[in-house]
**Student:** 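Below: one structure in structure tokens.
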Amino acid sequence: MVARLFLFFAALCLSVPAFADDHDPSLEGHWAFRIGDATIFVFSLEQQDDGGWEGAWTRPAEIDSNGVIFRAMAGQQTVRPLSTSERDGGLQLTFAGPGDTARNDVLRFRQSGENRAELNYVGIPGDPYPLVRVAPDTPLGPFDEVRIYDRDHAVTEAEYVAQAEEPSVAEAAGVVEEADPGNAEEATEADEEAQSDEEPPRITADFLDDL
């Protein structure tokens with residue numbers, strides 16, 4: 001009798017699908033950081049069949065910011081991460097720093113509600129940046145060249161209408177710059193410690209310069 005019960009429970013356990021991790025799959029999709037009616041950043045996240053992730057970051061080609069206020073934004077560029085990983089229940093993407101800097105940009109994403117997420121930019125003080133789910137073809141802007149955009153006025157909720165079929169990260173982002181995977185393994189804890197101890201990281205050459 002005991003042996004039969006054991007076999008029954010063993011079969012029951014085998015019938016339950018196994019998951020590679022406990023990451024929330026609803027992070028898949030396209031996320032925008034918005035201030036007022038302006039879209040500052042768009043992030044594209046996609047989970048692969050093997051459990052890994054792909055991502056892309058669409059940002060202004062020109063931007064002046066200290067991480068709290070944003071101004072002088074123009075153009076658009078899309079970059080791919082050096083590496084992606086699961087970390088502390090969230091998704092971490094590491095991007096190459098601008099120009100010849102040795103510092104990388106480490107971004108962490110976490111689901112915060114229905115069609116809402118938050119972004120932690122490692123090394124930038126303050127609360128996480130709120131993100132809202134958007135359509136894959138969402139453009140940046142519109143930007144007013146004389147306006148100062150304050151993070152305190154960021155959009156925390158926005159209406160989202162799901163599409164029947166969304167394109168892949170590469171198709172939706174229209175990637176124009178590929179990251180060099182050569183130093184992907186080095187773009188983790190060493191970068192985070194350096195960012196915590198030194199001046200804040202920069203997104204582009206002028207991104208986090210003091211205003």
**Student:** Using modelled atom types and a 3.5 Å cut-off, is there a donor and acceptor pairing between side-chain atoms of Thr39 and backbone atoms of Leu140?
**Tutor:** no
**Student:** Using every non-hydrogen atom in the two residues, find where Asp105 and Ala96 come nearest and quote the distance to one decimal.
**Tutor:** OD2-O, 4.0 Å
**Student:** How long is the gap from OG on Ser83 to CG on Asn104, to the nearest 0.5 Å?
**Tutor:** 8.0 Å
**Student:** How long is the straight-line distance from NE2 of His30 back to OG1 of Thr138, given to the nearest 0.5 Å?
**Tutor:** 8.5 Å
**Student:** Could you check whether any side-chain N or O of Gln48 sits under 3.5 Å from a backbone N or O of Asp50, counting only pairs where one atom can act as donor and the other as acceptor?
**Tutor:** no
**Student:** Quick check: does any side chain N or O of Arg133 sit under 3.5 Å from a backbone N or O of Ser26, one acting as donor and the other as acceptor?
**Tutor:** yes
**Student:** Donor-acceptor check, side chain of Asp88 to backbone of Gly90, threshold 3.5 angstrom: yes or no?
**Tutor:** no
**Student:** So, Arg116 side chain and Ala158 main chain: donor-acceptor pair closer than 3.5 Å or not?
**Tutor:** no
**Student:** Picking from Val155, Ile40, Leu131, what satisfies side chain to side chain contact (heavy atoms under 4.5 Å, CB included) with Arg34?
**Tutor:** Val155
**Student:** Return the set of residues passing salt bridge (Lys or Arg N to Asp or Glu O under 4.0 Å) with Asp49 (not counting sequence neighbours), or none when no residue passes.
**Tutor:** none
**Student:** Can a donor-acceptor pair be found, under 3.5 Å and without considering hydrogens, that links the side chain of Gln92 to the backbone of Arg87?
**Tutor:** no
**Student:** Taking the basic N atoms (NZ, or NE/NH1/NH2) and the acidic carboxylate oxygens, is any pair closer than 4.0 Å for Glu54 and Arg80?
**Tutor:** yes
**Student:** Distance-only, no hydrogens or angles: does the Asn66 side chain make a donor-acceptor pair with backbone N or O of Val68 under 3.5 Å?
**Tutor:** yes
**Student:** To the nearest 0.5 angstrom, please state how far the CE atom of Met73 sits from the CD1 atom of Ile63.
**Tutor:** 5.5 Å
**Student:** Is any side-chain heavy atom of Arg59 closer than 4.5 Å to one of Val79?
**Tutor:** yes
**Student:** Mind checking whether Val132 and Val134 have side chains closer than 4.5 Å, heavy atoms only?
**Tutor:** yes
**Student:** Atom CD of Glu118 and atom CH2 of Trp31: how far apart are they, to the nearest 0.5 Å?
**Tutor:** 11.0 Å
**Student:** Do you know which two heavy atoms are closest between Pro81 and Ala56, and how far apart they sit?
**Tutor:** CD-N, 4.5 Å
**Student:** Yes or no on ring-ring contact (aromatic ring centres under 6.0 Å, His included) for Phe33 and Phe70, after CA distance, side-chain angles and deciding distance?
**Tutor:** CA-CA 12 Å; Phe33 170 57; Phe70 304 78; 5.7 Å; yes
**Student:** Compare all side-chain heavy atoms of His153 with those of Ile35 and state whether any distance is below 4.5 angstrom.
**Tutor:** yes
**Student:** I'd like to know whether Thr58 forms a side chain to side chain contact (heavy atoms under 4.5 Å, CB included) with Gln76, so could you lay out the CA-CA distance, the side-chain angles of the two residues, the decisive distance to 0.1 Å, and finally the verdict.
**Tutor:** CA-CA 7 Å; Thr58 301; Gln76 179 172 310; 3.4 Å; yes
**Student:** Given the side-chain rings of Phe43 and Trp57, with only the six-membered ring counted for Trp, is the space between their centroids under 6.0 Å?
**Tutor:** yes
**Student:** Return the CD to CD distance between Glu157 and Glu114, rounded to the nearest 0.5 Å.
**Tutor:** 9.5 Å
**Student:** Side-chain contact test, heavy atoms from C-beta onward, threshold under 4.5 Å: evaluate it for Phe109 versus Leu45 and give yes or no.
**Tutor:** yes
**Student:** Please round to the nearest 0.5 Å and tell me the distance separating atom OG1 of Thr94 and atom CG of Leu107.
**Tutor:** 7.5 Å
**Student:** Any side-chain to backbone donor/acceptor pair from Thr84 onto Trp53? Under 3.5 Å, distance only.
**Tutor:** yes
**Student:** So, for Pro142 and Ala38, which heavy atoms are closest and what is the spacing to 0.1 Å?
**Tutor:** O-CB, 3.4 Å
**Student:** For Glu145, does the CD atom have more than 12 heavy-atom neighbours from other residues, nucleotides or ligands under 6.0 Å away?
**Tutor:** no
**Student:** Looking at every heavy atom in both Arg147 and Asp37, which two are closest together, and how far apart are they?
**Tutor:** NH1-OD1, 3.5 Å
**Student:** Ring centres under 6.0 Å, that's the criterion: do Tyr129 and Tyr121 meet it?
**Tutor:** no
